[in-house]
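I have placed the structure first, in the form of structure tokens, so that the comments after it can refer back to it.
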Amino acid sequence: MSFIRKYIEQQTINRRNLLLMSAYGLCGAAVTSAMKPYAAKAASSDPQIAWSYRDRTNPYWNAIVSGGNAFVQSLGKPERALINLINEGSSEKSLSDIQSLLSRYGSNVALAVDPNDMPNCRPVVEAVSKAQAYASTIWNKTDDLHPWDFGDHYVSHMTWSDVGPSEQTARVLFDAMGGKGGVVHLGGITSNNPAIERLAGFRNALKAYPNIELLAVQAADWDTQKANQVMSGFLTRYGDAIKGVHCASDTMAYGVIEALRAEGIENMPIVSYDGNPQAVDLVTKGKILATVFTNPYWAGGITASLAYYAATGVFKPSSEPKEHREFYGPTTLVTTKDARDFKVKYIDTNPNYDWKKFWALSGGQIQYK
Amino acid sequence: MNRFLAMETLRKWVPLLVLAGLCLFFTAMNPHFLTLRNFARIAISSSPALMVAIGVMFVILMGSIDLSMEGTVAVCAVLFALTLNALGGSIAGRGWVAIPVALFAGAVMGAVNGLVHVRLRIPSFMASLSLGFIGIGLSLLITGGDRILIDDPLFRSLLTVRVGGFPLMMYAALACLLVAWFIQDHTTTGRNFYAVGGGEELARASGLNVGRLRIIGFVLAGIFYALGAIFAVARLGIAETETGRNFMFMSITSVVVGGTALRGGEGGVWNTLIGVLIVNVIGNGMVVIGLADYFQDGVLGLLVITAVWLSTDRRSLSFVK
């Protein structure tokens with residue numbers, strides 16, 4: 001039975017060590033934080049790079065991760081060096097994954113994150129800042145939260161303003177309809193910020209076209225199948241009165257196109273948003289008249305890059321101007337005229353981005369209303 | 001006694017009455033609802049759902065539950081599309097092999113599900129739910145999150161070609177429905193599903209190999225999920241992990257609304273057909289009458305509770321769990 005005794009002894013020693021070490025660690029942490037509350041920690045030479053996002057079933061997030069992978073490879077590391085934290089649409093999981101990561105690696109973390117919803121951004125950046133690690137966020141952040149309030153550890157925030165580009169796609173649609181006739185809008189999940197902005201852009205464009213009649217606005221939750229069902233419902237309700245369809249995302253446009261194909265309708269003007277490869281392909285064929293490319297590949301790479309190079313001390317976030325801490329991501333309108341060139345440049349191959357030109361594609365500082 | 005019998009007969013017809021009532025209501029709100037073209041649209045959205053609902057119905061008849069449909073549909077859809085595209089992209093050529101491949105994949109997923117449930121003695125609820133997650137993960141692994149497009153005009157003719165105003169897909173789904181009805185009413189296996197659902201102890205005491213029967217039930221369910229996957233791909237021309245989305249809620253709701261009891265031993269394919277139609281008529285009707293979208297989910301939930309309340313006889317239930 002000696003092995004049992006040995007095991008118990010080992011465990012006792014381990015426990016004692018653990019207690020001693022945690023006491024030491026706690027004191028150390030207390031002393032450090034007491035002495036210099038907000039000072040940046042000495043830059044880490046090789047931080048762990050992580051991306052926290054929703055899931056991979058969506059082409060958008062897939063492209064984000066490809067960008068993250070490309071950045072990691074630009075450092076001469078293998079793809080698996082990028083830690084993927086998948087929150088599956090849960091803010092709780094997003095936060096707890098990040099906390100686990102921070103307790104494992106401490107300050108040695110460069111995190112790129114979409115906090116899933118706006119209120120979750122604060123606990124995420126507070127946890128990162130407390131651990132003296134570095135984080136860059138995209139999409140979800142409340143208006144009262146700013147990177148510059150956290151010294152260096154909340155590096156940057158990038159988001160996209162969808163109102164303008166959505167208005168542009170609507171104009172392309174209305175022109176294709178000859179400036180008259182009925183139009184329907186299929187929107188994203190009603191409470192999502194992009195869904196609200198894309199609808200606002202669409203409504204803005206309507207003001208300039210008095211002969212366009214808005215027949216209906218309906219949420220189809222970014223979902224292809226739901227959009228398919230909603231579109232067939234619209235066809236029953238409005239029939240031939242529908243002369244154009246404005247979709248808030250590419251994924252919903254696919255469902256709309258198939259609902260129309262089932263009825264033998266081939267040439268309905270449709271516009272969408274997101275610039276996914278399949279949608280760009282459909283734009284080259286004229287099945288979709290316009291989509292908006294938000295360059296998720298670049299966004300995925302540059303967000304990780306900002307956190308990484310801040311962590312390694314290549315630049316000091318607090319010395320950067322505000323427009324480098326909070327900025328809009330790029331948006332490009334893709335229409336039938338330029339879709340072919342666009343596809344060659346951005347879809348068939350990804351451009352070789354210089355991941356140290358952090359703000360090369362920035363659309364300017366974020367404006368709050 | 002007579003009154004009791006009359007109530008019993010009436011209760012049997014409640015799902016159909018609910019369906020007729022819904023159609024009348026939506027037609028009163030918008031006459032466009034009652035057109036052949038709109039019924040064709042409802043038929044298109046019902047075809048994949050009907051296959052999945054029939055699959056889970058076999059399991060529910062036995063008093064078990066299967067929640068793996070979203071994963072199984074995703075895997076079958078993705079394997080079907082990959083095989084079809086790898087073998088030339090047309091079911092006119094060697095691509096037809098994709099159909100048996102998908103059905104086989106469904107059967108294998110079902111068999112694993114049944115084996116885990118029966119051999120490891122894990123409740124079907126837990127076993128199938130977990131297997132569903134495995135399926136979603138597997139399809140994600142196969143596709144890497146990408147969508148696979150199907151352009152074969154012959155295969156898409158399930159959606160695009162119409163006979164008598166209805167797409168071919170509906171006739172194919174009805175043919176599968178008849179096969180399911182044959183299995184249910186005219187085979188020993190089908191009768192045994194009812195026996196196990198009605199009283200498992202009794203069935204076991206009569207010498208029935210209940211474990212084996214359960215595995216067969218799950219395999220059958222898997223095959224019908226695969227059929228659902230093929231119709232879902234035919235409907236959108238896209239196979240991806242998301243193809244399986246929403247089928248769990250849709251199919252189980254349909255089965256229950258149609259009057260098949262969740263405790264097992266009662267109901268059948270015709271009930272399931274009515275149930276699927278009720279759910280899809282509600283989905284279509286709410287858009288057709290222009291109900292605001294924030295109401296739609298709530299109304300769907302209320303209608304489902306009402307339909308179940310009307311169609312189940314609660315006096316025979318000693319307790320509800």
Side-chain angles (χ1 to χ4, degrees), chain A residues 54-66 86 88 184 186-191 195 215-239 241 250-251 254-266 276-279 281-282, chain B residues 26 29-35 37-45 48-49 74 136-137 139-141 143-149 156 158-162 167 169 232 234-238 240-247 250 280 283-294 296-297:
Chain A
R54 196 171 75 207
D55 57 30
R56 286 201 77 158
T57 60
N58 182 304
Y60 179 83
W61 291 109
N62 230 2
I64 288 266
V65 179
S66 320
I86 297 174
E88 290 161 1
V184 290
L186 283 88
I189 298 170
T190 324
S191 60
L215 297 172
V217 168
Q218 163 98 44
D221 305 348
W222 313 117
D223 181 39
T224 309
Q225 296 189 43
K226 176 126 192 235
N228 184 275
Q229 200 174 0
V230 167
M231 190 61 211
S232 42
F234 280 159
L235 286 172
T236 301
R237 186 155 183 228
Y238 303 107
D250 293 336
T251 46
Y254 308 148
V256 168
I257 290 171
E258 292 304 326
L260 293 169
R261 177 186 291 193
E263 310 281 332
I265 305 170
E266 292 287 345
N276 291 331
Q278 188 190 343
D281 213 37
L282 288 166
Chain B
F26 287 129
M29 300 294 283
N30 184 345
H32 288 307
F33 179 85
L34 196 70
T35 51
R37 291 183 76 89
N38 192 45
F39 285 144
R41 283 163 199 148
I42 295 173
I44 292 170
S45 68
I136 289 179
S139 68
L140 203 53
L141 201 67
T143 58
D146 288 332
R147 306 169 150 232
I148 307 162
L149 304 183
R156 294 308 304 282
L158 276 171
L159 176 75
T160 51
V161 173
R162 296 191 176 215
M169 191 192 288
R235 179 180 163 207
L236 290 179
I238 301 171
E240 53 171 342
T241 307
E242 294 274 296
T243 305
R245 190 165 134 158
N246 237 342
F247 273 116
M250 180 84 117
N280 280 285
N284 171 279
M286 286 194 299
V287 180
V288 170
I289 65 170
L291 196 66
D293 35 24
Y294 42 88
Q296 291 190 0
D297 289 340

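Just so you know, these numbers come straight off a predicted model, no measurement behind them. Residue numbers start from 1 in every chain, and the chains themselves are labelled A, B, ... in the order their sequence lines are given, proteins ahead of strands.
- No donor-acceptor contact under 3.5 angstrom links the side chains of R37(B) and T236(A), judged on distance only.
- Distance CG/L235(A) to NE2/H32(B): 11.5 Å, rounded to 0.5 Å.
- Residue contact with chain A, scored on non-hydrogen atoms closer than 4.5 Å, involves the side chain of E240(B) exclusively.
- Between chain B and the residues D223(A), T251(A), T190(A), the largest count of heavy-atom pairs under 4.5 Å involves D223(A).
- Your options are V288(B), T241(B), T243(B), and the one with the most heavy-atom pairs under 4.5 Å with chain A is V288(B).
- In this structure, chain B has heavy atoms under 4.5 Å from both the backbone and the side chain of F234(A).
- Taking the side chain as every heavy atom from C-beta outward, T224(A) and R147(B) approach each other to under 4.5 Å.
- Heavy atoms of L140(B) lying under 4.5 Å from chain A belong exclusively to its side chain.
- Annotation: maximal heavy-atom pairing with chain A below 4.5 Å, among G283(B), G290(B), S139(B), A292(B), occurs at G290(B).
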Side chain to side chain contact (heavy atoms under 4.5 Å, CB included) assessment of N246(B) paired with Q225(A): CA-CA 9 Å; N246(B) 237 342; Q225(A) 296 189 43; 5.7 Å; no

Residue pair R41(B), E263(A): steps toward the side chain to side chain contact (heavy atoms under 4.5 Å, CB included) verdict: CA-CA 9 Å; R41(B) 283 163 199 148; E263(A) 310 281 332; 2.8 Å; yes

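- Using a 4.5 Å cut-off between heavy atoms, I136(B) does not touch chain A at all.
- Heavy-atom distances place no part of V65(A) under 4.5 Å from chain B, backbone and side chain included.
- Here the side chains of N280(B) and Q229(A) are in contact, with some heavy-atom distance below 4.5 Å.
- Only the side chain of N30(B) comes within contact range of chain A, with at least one heavy atom under 4.5 Å from a heavy atom of that chain.
- Summarising the geometry, atom CD belonging to E258(A) is positioned 9.5 Å from atom OG1 belonging to T160(B); distances are rounded to the nearest 0.5 Å.
- Looking only at distances, a side-chain donor or acceptor of R162(B) sits under 3.5 Å from a matching main-chain atom of A262(A).
- Residues Q218(A) and Q296(B) are in side-chain contact: their nearest non-hydrogen atoms beyond the backbone lie under 4.5 Å apart.
- Nearest heavy-atom pair across N62(A) and D146(B) is ND2-OD1, 3.4 Å.
- Considering only heavy-atom pairs separated by less than 4.5 Å from chain A, the leading option among T35(B), I289(B), V161(B) is I289(B).
- Annotation: side chain of Y254(A) is in contact with side chain of I238(B) (closest heavy-atom distance under 4.5 Å).
- Most heavy-atom pairs under 4.5 Å with chain A: of the set L236(B), N284(B), N38(B), this distinction falls to L236(B).
- Of the inter-residue distances, the one linking I42(B) atom CD1 with S232(A) atom OG reads 9.0 Å to the nearest 0.5 angstrom.
- With a 4.5 Å cut-off on side-chain heavy atoms, N228(A) and R235(B) count as touching.
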